[in-house]
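Scroll down for the structure; my scribbles are underneath it.
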Amino acid sequence: MLLRALSESEENMQFKPDKKLGFGLMRMPLLDANDPKSVDVEQVKEMVDLFMEKGFTYFDTAWMYHDFESENVARAALTSRYPRESFTLATKLHSGFINTLEDRDKVFEKQLEKTGAQYFDYYLIHGVEAGSLAKYERLDCFNWALDKKAKGLVRHVGFSFHDKAEVLDKILTDHPEMEFVQLQINYLDWESEWVQSGKCYDVCVRHGKPVIVMEPVKGGTLANVPKEVEKLFRGLEPDMSVPSWAIRFAASLPNVMVVLSGMSSLEQMKDNISYMENFVPLTEEERKACFNAAKMINGQISIPCTACSYCTEGCPMHIAIPKYFSLYNENMREDLEKKGWTINFRNYERLTAEYGKASDCIACGQCEGVCPQHLPIIEDLKKVAEHFEGGQ
């Protein structure tokens with residue numbers, strides 16, 4: 001049975017994108033930095049046009065991205081402006097928004113309406129992990145997705161995953177009909193015992209499942225590296241941007257079919273295209289440099305947040321959790337004993353004028369229940385509060 005399923009999967013994946021860079025519609029440019037719905041659609045149209053012009057075709061969205069606005073933007077910037085067969089579009093079903101069998105179809109039909117896509121090239125059961133798997137199984141979501149494929153509404157079915165390699169192995173053993181897996185892969189998480197990028201990748205290789213990469217730059221962490229890491233990279237490739245190392249690391253893996261980049265500006269897209277249009281895999285020396293960089297960076301990151309913002313949607317205190325973690329991480333890399341004060345204290349104060357303070361957390365646990373990184377957010381918010389509010 002498994003061998004037959006793998007053969008079918010290989011046959012079905014023949015139309016994998018020719019180029020390995022995908023446009024992730026999760027961190028698009030905003031007109032108002034504090035409003036995730038305020039997507040700069042005109043700039044996104046420019047980005048889509050350049051992306052398509054250079055031969056890239058893969059776009060990735062989801063039900064809840066940009067506070068439920070991302071799929072609408074996909075229609076405004078892509079599906080209403082280009083022939084359907086000229087691009088591939090992926091979206092997702094998330095366990096947090098379904099509770100009944102009927103909910104699955106309600107979400108799916110709304111997604112078709114919002115995107116105007118007619119069908120989805122790739123449809124993902126989203127954020128599968130030990131905690132959500134039981135719900136997906138109870139609501140028969142794997143078979144439901146296959147039924148959508150049989151009806152021509154979906155071309156390829158798979159899932160995104162945030163858990164340990166042994167859980168992934170069990171899922172792929174139980175569901176060999178899944179055609180691909182979306183994984184968080186970057187050089188910082190490759191040997192992480194929590195994220196297990198490398199181990200999860202190896203599981204997919206063993207099961208013959210192509211991999212789509214998410215978070216290759218780890219929410220911007222690998223675009224803003226310590227000075228010694230930047231010096232390391234510049235010494236090898238002076239003309240390559242810092243983020244290019246992260247994306248090229250992921251794209252160099254043989255079993256990776258697409259690397260998603262949540263590009264937030266036309267400039268970011270131009271940079272990504274510059275090295276992905278005619279992609280050349282990393283050399284062994286360059287790959288080793290990435291692992292050396294990971295050791296340097298891991299020694300300076302206090303809270304490994306990727307700024308996916310899943311945690312903020314249902315926060316009853318309206319706390320800007322990822323923003324506060326970012327400020328905290330930046331300050332932890334500073335020599336505060338020498339400086340005493342940084343602009344981040346002012347930035348924190350400005351944010352709290354609109355959002356709840358870190359100390360406002362009521363420890364309800366909603367955030368920790370949806371965090372793909374499984375961070376101890378409640379405890380981390382206490383650190384942030386002590387750091388930025390301790391002297392107030």
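This one's a predicted model, so the numbers in the text were calculated from it and none came from an experiment.
Counting only N and O atoms by type, the side chains of Asn99 and Lys135 include a donor and acceptor under 3.5 Å apart. In this structure, a donor-acceptor pair under 3.5 Å is present between the side chains of Gln111 and Tyr123. In the model, Asp169 has a side-chain atom that pairs as donor or acceptor with a side-chain atom of His207 under 3.5 Å. For the residue pair Tyr187/Asn292, the side-chain donor-acceptor check at 3.5 Å is not satisfied.
Side-chain atoms of Arg248 do not come within 3.5 Å of backbone N or O of Phe279 as any donor-acceptor pair. No donor-acceptor pair under 3.5 Å is formed between the side chain of Asp40 and the backbone N or O of Leu31. Within the 3.5 Å criterion, the main-chain N or O of Asp32 finds a donor-acceptor partner in the side chain of Ser38. Between the side chain of Lys19 and the backbone N or O of Glu277 there is at least one donor-acceptor pair closer than 3.5 Å. In this structure a side-chain-to-backbone donor-acceptor pair under 3.5 Å is missing from Glu215 to Asn186. With hydrogens and angles ignored, the 3.5 Å screen pairs no side-chain donor or acceptor of Ser326 with any backbone N or O of Ala307. One N or O on the side chain of Glu286 and one on the backbone of Thr283 form a donor-acceptor pair closer than 3.5 Å. Checking side-chain atoms of Arg234 against main-chain N and O of Met240 turns up a donor-acceptor pair under 3.5 Å. Remark: side-chain polar atoms of Ser95 are not paired, donor with acceptor, to backbone N or O of Ser132 under 3.5 angstrom. Thr312 places no side-chain N or O within donor-acceptor distance of the main-chain N or O of Ala320, the cut-off being under 3.5 Å.
Closest approach of Ala358 and Val384 over heavy atoms only: CB-CG1, 3.8 Å. Cys204 and Leu168 get closest at one heavy-atom pair: SG-CD2, 3.9 Å. Pairing each heavy atom of Ala165 with each of Val203, the nearest pair is O-CG2, 3.8 Å. Closest approach of Gln184 to Asp189, counting heavy atoms only: NE2-OD2, 2.7 Å. Nearest heavy-atom pair, Ile321 versus Cys367, reported as atom, atom and distance to 0.1 Å: CD1-CB, 4.0 Å.
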Acceptor/donor pairs from residues 56-63 side chains to any protein atom, 3.5 angstrom cut, sequence neighbours excluded:
from	atom 1	to	atom 2	distance (Å)
Asp60	OD1	Lys92	NZ	2.8
Asp60	OD2	Lys92	NZ	2.8
Thr61	OG1	Ser70	OG	2.7

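Side-chain heavy atoms closer than 4.5 Å link hydrophobic residues (I, L, V, M, F, W, Y) into clusters, and following such links, even through other members, never connects Leu375 to Met214. In the hydrophobic cluster analysis, where Ile, Leu, Val, Met, Phe, Trp and Tyr join through side-chain heavy atoms closer than 4.5 angstrom, Ile378 is grouped apart from Tyr328.
The closest side-chain heavy-atom distance from Phe120 to Thr115 is below 4.5 Å. By the 4.5 Å heavy-atom criterion applied to side chains, Ser252 and Arg287 are not counted as neighbours. For the pair Leu93/Phe97, no side-chain contact is recorded, criterion being any heavy-atom separation below 4.5 Å from C-beta on. At least one side-chain heavy atom of Gln182 sits under 4.5 Å from a side-chain heavy atom of Leu260. Contact of the Leu282 side chain with the Phe249 side chain is registered, since non-hydrogen atoms from C-beta on lie closer than 4.5 Å. Using a 4.5 Å heavy-atom cutoff, the side chains of Arg81 and Asp49 are in contact. Two residues are said to be in side-chain contact when any heavy atoms from C-beta on lie closer than 4.5 Å; Asn34 and Lys323 meet this criterion. No side-chain heavy atom of Gln373 sits less than 4.5 Å from a side-chain heavy atom of Pro304.
Of the charged side-chain nitrogens involved, at least one lies within less than 4.0 Å of a carboxylate oxygen, so that Asp380 and Lys383 count as a salt-bridged pair. Look at Lys270 and Glu267 and you find no salt bridge, because none of the NZ, NE, NH1 or NH2 atoms lies under 4.0 Å from a carboxylate O.
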Practice problem: Test Leu188 against Asn298 for side chain to side chain contact (heavy atoms under 4.5 Å, CB included), laying out the working first. | Solution: CA-CA 7 Å; Leu188 197 63; Asn298 273 320; 3.5 Å; yes
Quiz prompt | Step-by-step side chain to side chain contact (heavy atoms under 4.5 Å, CB included) determination, Tyr65 to Val73 | solution = CA-CA 10 Å; Tyr65 290 173; Val73 176; over 6 Å; no
Quiz item: Stepwise, does the side chain to side chain contact (heavy atoms under 4.5 Å, CB included) test hold for Glu179 with Lys149?
Solution: CA-CA 12 Å; Glu179 298 172 89; Lys149 179 181 177 181; 3.2 Å; yes
Quiz item: Checking side chain to side chain contact (heavy atoms under 4.5 Å, CB included) for the pair Leu351/Leu327: CA distance, chi angles, key distance, verdict?
Solution: CA-CA 11 Å; Leu351 283 169; Leu327 295 179; 3.8 Å; yes
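Figure legend: cation-pi geometry between Arg84 and Tyr119, with NZ or CZ positioned under 6.0 Å from the six-membered ring centre and within 45° of its axis. Cation-pi geometry between Lys148 and Phe108 is satisfied (NZ or CZ under 6.0 Å from the ring centre, within 45° of the ring normal).
Heavy atoms of other residues, nucleotides or ligands lying less than 6.0 angstrom from NZ of Lys45 number more than 12. The environment of Glu166 atom CD is sparse: at most 12 non-hydrogen atoms of other residues, nucleotides or ligands sit within 6.0 angstrom. By the neighbour-count criterion of 12 heavy atoms within 6.0 Å, atom CD of Glu285 is sparsely surrounded, having that number or fewer from other residues, nucleotides or ligands. Within a 6.0 Å sphere centred on NZ of Lys37, heavy atoms belonging to other residues, nucleotides or ligands number more than 12. Atom NZ of Lys164 sits in a crowded spot, with more than 12 heavy atoms from other residues, nucleotides or ligands closer than 6.0 Å.
For the side chain to side chain contact (heavy atoms under 4.5 Å, CB included) criterion with Tyr275, the lone passing option out of Val280, Ile247, Asp239 is Ile247. When each of Val128, Ile125, Asp163 is checked for a side chain to side chain contact (heavy atoms under 4.5 Å, CB included) with Ile171, only Val128 meets the rule.
When ring centroids are compared, Tyr82 and Phe87 stay outside the 6.0 Å threshold. Aromatic ring centroids of His156 and Phe180 lie 6.0 Å or more apart.
Ring geometry for Tyr348 versus Phe388: interplanar angle under 30°, hence parallel rather than tilted (30 to 60°). Taking the six-membered ring where tryptophan is involved, the planes of Phe142 and Tyr136 are perpendicular, since the angle between them exceeds 60° and thus also 30°.
From Glu109, atom CD reaches atom NZ of Lys114 across 14.0 Å, with rounding to the nearest 0.5 Å.
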